[in-house]
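When a residue number appears, it is its place in the shown sequence, counting from 1. Since this is a predicted model, take the numbers as computed values, not measurements.
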Amino acid sequence: MDIVLQQLVNGLTLGSVYGLIAVGYTMVYGIIGMINFAHGDVYMVSSYITAIVIALLSYFGFHSFPVVILFTLALTIIITGVYGWTIERVAYRPLRNSTRLAPLISAIGMSLILQNYVQIAQGARPQGVPTLLDGNLRLHIADGYVQITYMKLFILVAAFAGMGILTYVIQKTKLGRMCRATQQDRKMASILGIDTDKIISLVFVIGAAMAALAGVLITLDYGSFDFFIGFIIGVKAFTAAVLGGIGSLPGAMLGGVILGLAEALFSGLVNTDYKDVFAFSLLVMILIFRPSGLLGKPAVEKV
């Protein structure tokens with residue numbers, strides 16, 4: 001029983017990070033109907049930025065965790081947001097009125113550019129960051145116990161806080177209404193005075209910011225990364241977005257949590273080597289019965 005509970009904690013932590021990255025996929029798809037295949041590499045870039053910011057803060061004598069995490073989050077989100085804005089301007093905007101295949105190929109090209117750019121700039125060897133938050137909580141249950149580190153607790157709080165803030169912005173603010181209007185009908189939104197180009201760029205920035213939040217959290221937890229991690233976690237996050245219903249913010253988080261729990265439980269109870277097989281099999285089974293995902297809306301063909 002304690003093994004199951006421990007894996008549930010691990011899966012919830014991992015799934016919350018998947019959900020944060022999945023938000024970028026689901027927002028871009030929801031507003032322009034395209035998949036940003038460079039999004040996983042934006043997450044990868046944020047991992048390197050996290051390490052660089054921590055190194056600079058340490059060099060200047062800042063070692064307090066609240067100070068380090070605050071500056072790291074702020075700077076990483078800002079810089080990664082610039083990457084998201086650049087991707088939209090370079091890889092998507094010039095091809096907006098082209099065929100649907102052109103932006104897809106452009107995004108894949110941007111992904112390869114980011115990978116090679118980081119490999120040349122930072123080297124191909126895995127990099128690492130020191131542990132900034134030590135300690136853990138132990139909850140005794142019957143004859144066993146469940147352990148959760150303070151870092152994992154921080155990840156859970158930060159991830160769900162980030163999703164809560166984003167949901168509030170999209171649902172309750174003027175900016176969110178403009179985003180939803182652009183998503184529903186871009187031409188009509190433009191006629192009504194909304195600068196749809198600016199909104200689309202902003203959506204890329206928001207998606208990159210959520211990926212940056214995930215990058216900071218997972219880098220501090222795992223402690224190591226390389227230039228290729230964006231592809232692997234990008235595929236997982238895209239799977240989470242499809243599982244929850246691509247285009248739905250709550251669906252992205254739900255899909256991430258389900259995927260994380262499925263991986264963790266299968267790893268702890270069955271076999272670590274086949275956890276990805278089980279996760280993707282679960283996706284296939286759900287999509288057979290819910291083709292639009294768990295919280296996605298069925299596609300309606302416009303006449």
Taking [Y] as the starting point, is it possible to reach [X] by hopping between hydrophobic residues whose side chains are less than 4.5 Å apart?
X    : Y    : result
V42  : I113 : no
V129 : Y59  : yes
L57  : F60  : yes
Y168 : V23  : no
V82  : L114 : no

Using modelled atom types and a 3.5 Å cut-off, is there a donor and acceptor pairing between side-chain atoms of [X] and backbone atoms of [Y]?
X    : Y    : value
S106 : A91  : yes
D221 : L217 : no
T131 : D134 : no
S267 : K275 : no
Y25  : G234 : yes
Q119 : A124 : no
S58  : I54  : no
D41  : M44  : no

Side-chain heavy atoms of [X] within contact of [Y], under 4.5 Å:
X    : Y    : value
F37  : S111 : no
V203 : C179 : yes
Y83  : I49  : yes
L8   : V146 : no
Q127 : S224 : no
R96  : R186 : yes
M110 : V90  : yes
I69  : V216 : yes

*Using the benzene-type ring in the case of Trp, are the ring centres of F227 and Y48 under 6.0 Å apart?*
no
*With ring centroids as reference points, do F65 and F154 lie under 6.0 angstrom apart?*
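Yes: the rings meet the under 6.0 Å criterion.
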*Should we say atom CZ of F231 is surrounded by more than 12 heavy atoms from elsewhere, each under 6.0 Å from it?*
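Counting neighbours around CZ of F231, 12 or fewer heavy atoms of other residues, nucleotides or ligands fall under 6.0 Å, so no.
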*Counting only heavy atoms not in F160, do more than 12 sit closer than 6.0 Å to its CZ atom?*
yes
*For the pair N36 and Y92, evaluate side-chain contact (heavy atoms from CB on, under 4.5 Å) and give the outcome as yes or no after the intermediate values.*
CA-CA 9 Å; N36 178 15; Y92 278 91; 3.7 Å; yes
Considering all heavy atoms, the nearest [X]-[Y] contact:
X    : Y    : result
P66  : S64  : CD-OG, 3.1 Å
I77  : A212 : CA-CB, 3.8 Å
G255 : L243 : O-CD2, 3.7 Å
R180 : I170 : NE-O, 2.9 Å
S16  : I155 : OG-CG2, 4.0 Å
G268 : I3   : O-CG2, 4.3 Å

What distance do [X] atom [atom1] and [Y] atom [atom2] have between them, rounded to the nearest 0.5 Å?
X    : Y    : atom1 : atom2 : answer
T99  : L104 : OG1   : CG    : 9.5 Å
L14  : Q7   : CG    : CD    : 10.5 Å
L202 : L175 : CG    : CG    : 5.0 Å
L259 : T239 : CG    : OG1   : 6.5 Å
I21  : F238 : CD1   : CZ    : 14.0 Å
L95  : M34  : CG    : CE    : 9.0 Å

*asked:* Does either side chain, that of T76 or that of S46, offer a donor lying less than 3.5 Å from an acceptor on the other one?
replied: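 Side chains of T76 and S46: no pair found under 3.5 Å.
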*Do we see a donor-acceptor contact under 3.5 Å between the side chains of Y18 and E263?*
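The answer is yes; a qualifying pair exists.
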*Look at D226 together with R125 and state whether they make a salt bridge at an N to O cut-off of under 4.0 Å.*
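Looking at D226 and R125, the cut-off is not met.
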*Can F71 and V67 be said to form a side-chain contact (heavy atoms from CB on, under 4.5 Å), step by step?*
CA-CA 6 Å; F71 276 94; V67 173; 3.7 Å; yes
*Apply the test side-chain hydrogen bond (donor to acceptor under 3.5 Å, both in side chains) to residues S47 and T219: give CA-CA distance (whole Å), side-chain angles for both, the deciding distance (0.1 Å), then the verdict.*
CA-CA 6 Å; S47 297; T219 300; 3.1 Å; yes
*Checking side-chain contact (heavy atoms from CB on, under 4.5 Å) for the pair D276/K236: CA distance, chi angles, key distance, verdict?*
CA-CA 9 Å; D276 292 340; K236 297 286 186 68; 3.1 Å; yes
*Sole candidate of R93, R89, H39, E88 that passes side-chain contact (heavy atoms from CB on, under 4.5 Å) when paired with F204*: E88
_Evaluate T50 against L75 for side-chain contact (heavy atoms from CB on, under 4.5 Å), listing each step before the verdict._
CA-CA 8 Å; T50 298; L75 291 175; over 6 Å; no
